[in-house]
Amino acid sequence: MFYSFNPVKLIHGEGALARIGYELPSSGNVLVIHGLTFSSYEDAFLSAIKTAHQDLRLSFLQLDEGEPTFSSVEHGAQTIDSRPDFILGFGGGRILDATKALAVCIGNQLSVEQLPSIPPNQWQQTIPFGLICTKPGSGSEGNNAFVLMEQDSFKKLSFFSIHSYPRFAVHDPILFSSLSSHDYRAGIADVVSHIIDQYLVERTPSLIQDSMSLNYLRIAAELSLHAVAPSHQNFSDLAWLGSLSSSGILSRGVKTSWLVHEVAHALASLNGTSHAISIATVMGVVLSFNRHPLDRLVMVARCLNVRPEQEDLSREQAVSAITEFYRNLELVNEPICNLIPQLAELKNQLQEYCPNLNPEEVNVLCKFLLK
């Protein structure tokens, strides 16, 4: 038995931004949370708002660059003069995560530091919010999860609740016009790892979830063929795939792991590499831990269009083939040993950050990262 619930309304495709005014309340205070890229789209955004509403009062909060931390989000909350009636997040994954956190904390009169100690089922006063995605891949705009980093330890914590779903999410190709091919490849890396973590576990086969997961991987492989010079349509397709992959539908009724993402978050916290490069760097070694069913490993490799000419793949060949897909995205970052001088410290921190890893696996991972 399982339940499926995702109330997010996705407004996708050309002209989606122009529809934003019709999704907002007819009156009241709307707080717009954004990053540096907002200025490129401000005129189009304001025009869309005025088309539908004359009575909305807008205020703006620009967040600092970098990972959303407990302290940076709390600082943002302290600068807000009055309780908004609606919050709108406008940006990439970090802005979307911060928007969710602020909607929860302001609505429930919590400090950000209180989040880990308050049960998510008590977030019932979360302020309604919507999300406008400017960087596809994370899928954060289509689900209720958000990640914050502790300022001192760099440890990342995940939160989610039935009360942290956005009312709507917007994908418009115009919002991806300033992105680079690296942004596109990073988005593919994120999407593929999301799918792998939900599919690549030892469990009873599920016709629906397995079929969707494998077809999503095939779509990602098709999109990767355009990595050198992605078009607006390629970015748009990637945004939709990212939202679908992270919407929760692939994990309904089946066991999932999130091991690759957990290790990648830890690595990014420890050495400051980007999320996509961390995923690409740890993917091969995490898959080599011998936790994953061989038949599923082989299916992942085949769906990614790597070495399809081989009829039978050993575990090592399947892992190598998946790693090759990430190498083709030119994201694997090695060696990174100069960024982490103390092996012992790395072992201790990875063990703390990744409770799903045992000490032997931490040793293997550290040797790989520091070779």
Original post:
Charged N to carboxylate O under 4.0 angstrom, E150 versus K156?
Top reply: no
**OP:** Take T69 and S72 through the test side chain to side chain donor-acceptor pair (under 3.5 Å) and record every step on the way to the result.
**Re:** CA-CA 5 Å; T69 64; S72 67; 3.0 Å; yes
Original post:
Between H261 and S193, do the side chains contain an N or O donor and an N or O acceptor separated by less than 3.5 Å?
Top reply: yes
Subject >> Heavy-atom pair of closest approach, residues W123 and I118 >> reply: NE1-O, 3.6 Å
Original post:
Just checking, any donor-acceptor pair under 3.5 angstrom between side chains of N108 and Q122?
Top reply: no
Original post:
So does Q114 have more than 12 non-hydrogen atoms from other groups sitting under 6.0 Å from CD?
Top reply: yes
Original post:
Of all heavy-atom pairs between S224 and L329, which one has the smallest distance, and what is that distance?
Top reply: CB-CD2, 4.3 Å
Subject >> I174 CD1: over 12 foreign heavy atoms closer than 6.0 Å >> reply: no
Original post:
At their closest point, which heavy atom of Y165 faces which heavy atom of F5, and how far apart are they?
Top reply: OH-O, 2.9 Å
Original post:
So, does R252 use its side chain to make a donor-acceptor pair with the main chain of Y3 at under 3.5 Å?
Top reply: yes
**OP:** Could you tell me whether a side-chain N or O of S251 sits under 3.5 Å from a main-chain N or O of G248, the two making a donor and an acceptor?
**Re:** yes
**OP:** Please check if atom CG in D43 has more than 12 non-hydrogen atoms from other residues, nucleotides or ligands closer than 6.0 Å.
**Re:** no
**OP:** Kindly check if the number of other-residue, nucleotide or ligand heavy atoms within 6.0 Å of CG (D81) is above 12?
**Re:** no
**OP:** Drop me the distance from L110's CG to C105's SG, to the nearest 0.5 angstrom.
**Re:** 5.5 Å
Original post:
Do L24 and L96 share a hydrophobic cluster (ILVMFWY, side-chain heavy atoms under 4.5 Å, transitive)?
Top reply: no
Subject >> F160, CZ: over 12 other non-hydrogen atoms inside 6.0 angstrom >> reply: no
Subject >> Heavy atoms from other residues, nucleotides or ligands near CH2 of W258 exceed 12 (cutoff 6.0 Å) >> reply: yes
Original post:
Taking D172 for the side chain and L17 for the main chain, is one N or O donor matched with an acceptor at less than 3.5 Å?
Top reply: yes
Subject >> Residue pair S243 / H171, side-chain donor-acceptor N/O under 3.5 Å >> reply: no
Original post:
Are D237 and Q233 linked by a side-chain donor-acceptor pair shorter than 3.5 Å?
Top reply: yes
Original post:
So, is the end of the R296 side chain (NZ or CZ) under 6.0 Å from the ring centre of Y199 and within 45° of the ring's axis?
Top reply: yes
Original post:
What pairs of residues pass the ring-ring contact (aromatic ring centres under 6.0 Å, His included) test when at least one of them lies in residues 87-111, not counting sequence neighbours?
Top reply: F38-F90, F45-F90
**OP:** For A227, check side chain to side chain contact (heavy atoms under 4.5 Å, CB included) against everything at least two apart and list the hits.
**Re:** Y184, R185
Subject >> Minimum-distance pair of heavy atoms, taken over all atoms of L217 and L304 >> reply: O-CD2, 4.0 Å
Subject >> For D197 against V260, the heavy-atom pair lying closest together >> reply: OD1-N, 3.1 Å
Original post:
Salt bridge between R291 and E202, side-chain N to carboxylate O under 4.0 Å?
Top reply: no
**OP:** Decide whether N143 and S246 meet the rule of one side-chain donor and one side-chain acceptor closer than 3.5 Å.
**Re:** no
Original post:
Are any side-chain N or O atoms of R167 and backbone N or O atoms of V8, one a donor and one an acceptor, separated by less than 3.5 Å?
Top reply: no
Original post:
Would you call R203 and D210 a salt bridge, taking side-chain N to carboxylate O under 4.0 Å as the test?
Top reply: yes
Subject >> Steps toward side chain to side chain donor-acceptor pair (under 3.5 Å) verdict (H232, S177) >> reply: CA-CA 7 Å; H232 286 178; S177 59; 5.1 Å; no
Original post:
Between P25 and L56, which heavy-atom pair has the shortest distance, and what is it?
Top reply: O-CD2, 3.3 Å
Subject >> Result of checking L131, V73, N144 against K100 for side chain to side chain contact (heavy atoms under 4.5 Å, CB included) >> reply: L131
